[in-house]
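For reference, positions follow the sequence shown, starting with 1. Since the model is a prediction, treat every value here as computed from it, not as a measurement. Just the heavy atoms: all of them, side chains too, but no hydrogens, waters or symmetry mates, feed the values below.
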Amino acid sequence: MNARSRLSEVILFFVTCGVLMSGCASSKGSISSISVPSDVAKLASYNELVIHVAVKDGATEQPKLIGEEAAERIKNHIINGIKKDAPVRFREINPGMPGAHALLSKVLITNYDEGNAFARFMLAGLGQMHIDADVSLSDPAATEPLAKYEVTKTFAWGGLYGASKTLIDIEEGFAKAVVEAILRKLQ
């Protein structure tokens, strides 16, 4: 085997590894239904969407990690995802003055855990990062939500790749799952 062929194999190996690892942090999280909408037609009648992202008190042992900036980033990921996946579904998202046909989506973050980068570096599966939330869809005038979902995103890759990722890197994948939960019964 000549040196040129060996170099090509090494380059192919690293390119393949890079491609395989590039999407994991931003891949979509998981969704589980807590209560599904009984009236899908009613959900489809809303032409505006109001998104609120909040943090449950005591959701993290390190409150400095999640604050207004992180909540705003997550909200923007959700808005951009809805505009990308269903560009004509809602006339407006987060209007200044919501109208009578506004659907309220509350994203209550229950866990925002950065895990441990050193543990992830040492062994995949250790030091996992988590973002979990309860997502509810409701009519602002109603007391009970129309639908509720639990959305989670976990990241557990190891090695240099796992150690180099932060919660900011997995927020996009978490937001993709929230977008799917919002649009799940609305399209």
Kindly indicate whether the side chain of [X], heavy atoms from C-beta on, has any atom under 4.5 Å from the side chain of [Y].
X: Leu167; Y: Tyr112; value: yes
X: Pro140; Y: Val50; value: no
X: Lys165; Y: Phe155; value: yes

Tell me, please, which residues at least two apart from Lys75 pass salt bridge (charged side-chain N to carboxylate O under 4.0 Å, His left out).
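In terms of salt bridge (charged side-chain N to carboxylate O under 4.0 Å, His left out), with neighbours along the sequence ignored, Lys75 is linked to Glu72.
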Please list, chain by chain and in numerical order, all residues satisfying salt bridge (charged side-chain N to carboxylate O under 4.0 Å, His left out) with Glu144, sequence neighbours excluded.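 Glu144 satisfies salt bridge (charged side-chain N to carboxylate O under 4.0 Å, His left out) with no other residue.
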- Query: Taking the side chain from Arg120 and the backbone from Leu126, do they hold a donor-acceptor pair closer than 3.5 Å?
  - Reply: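 No; zero donor-acceptor contacts below 3.5 Å.
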With no hydrogens and no angle check, is any side-chain donor or acceptor of Asp169 less than 3.5 Å from a backbone partner on Thr166?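 Checked: pair present.
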>> Test: salt bridge (Lys or Arg N to Asp or Glu O under 4.0 Å). Region: residues 124-137. Which pairs qualify, not counting sequence neighbours?
In response: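 Every candidate salt bridge (Lys or Arg N to Asp or Glu O under 4.0 Å) pair involving residues 124-137 fails, so no pair, neighbours aside, qualifies.
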*Hey, could you give me each pair passing salt bridge (Lys or Arg N to Asp or Glu O under 4.0 Å) that has a residue in residues 92-106? Not counting sequence neighbours.*
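Output for this query is empty, none listed.
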In chain order, what residues pass the side-chain contact (heavy atoms from CB on, under 4.5 Å) check against Ser33, with sequence neighbours excluded?
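With neighbours one apart ignored, the set is Val36, Tyr149, Arg184.
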request  = Output all residues satisfying side-chain contact (heavy atoms from CB on, under 4.5 Å) with Gln128, sequence neighbours left out; order by chain, then residue number.
outcome  =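 Partners of Gln128 under the side-chain contact (heavy atoms from CB on, under 4.5 Å) test: His130, Thr154, Ala156.
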Margin query: Set out, in order, the CA-CA distance, both residues' side-chain angles and the distance that settles salt bridge (Lys or Arg N to Asp or Glu O under 4.0 Å) for Glu180 and Lys176, then state yes or no.
Written below: CA-CA 6 Å; Glu180 184 178 311; Lys176 286 178 184 178; over 6 Å; no
| request: Using the rule that two of Ile, Leu, Val, Met, Phe, Trp, Tyr join whenever any of their side-chain heavy atoms come within less than 4.5 Å, decide whether Val135 and Leu104 are in one cluster. | output: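 Result: no, two separate clusters.
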[atom1]/[X] to [atom2]/[Y] distance, rounded to the nearest 0.5 angstrom?
X: Ser136; Y: Ile34; atom1: OG; atom2: CD1; result: 9.0 Å
X: Lys153; Y: Ile31; atom1: NZ; atom2: CD1; result: 12.0 Å
X: Ile182; Y: Ile51; atom1: CD1; atom2: CD1; result: 5.0 Å
X: Lys83; Y: Ile93; atom1: NZ; atom2: CD1; result: 5.5 Å

| Full working for side chain to side chain contact (heavy atoms under 4.5 Å, CB included) between Leu103 and Leu137 | CA-CA 7 Å; Leu103 178 66; Leu137 303 176; 4.2 Å; yes
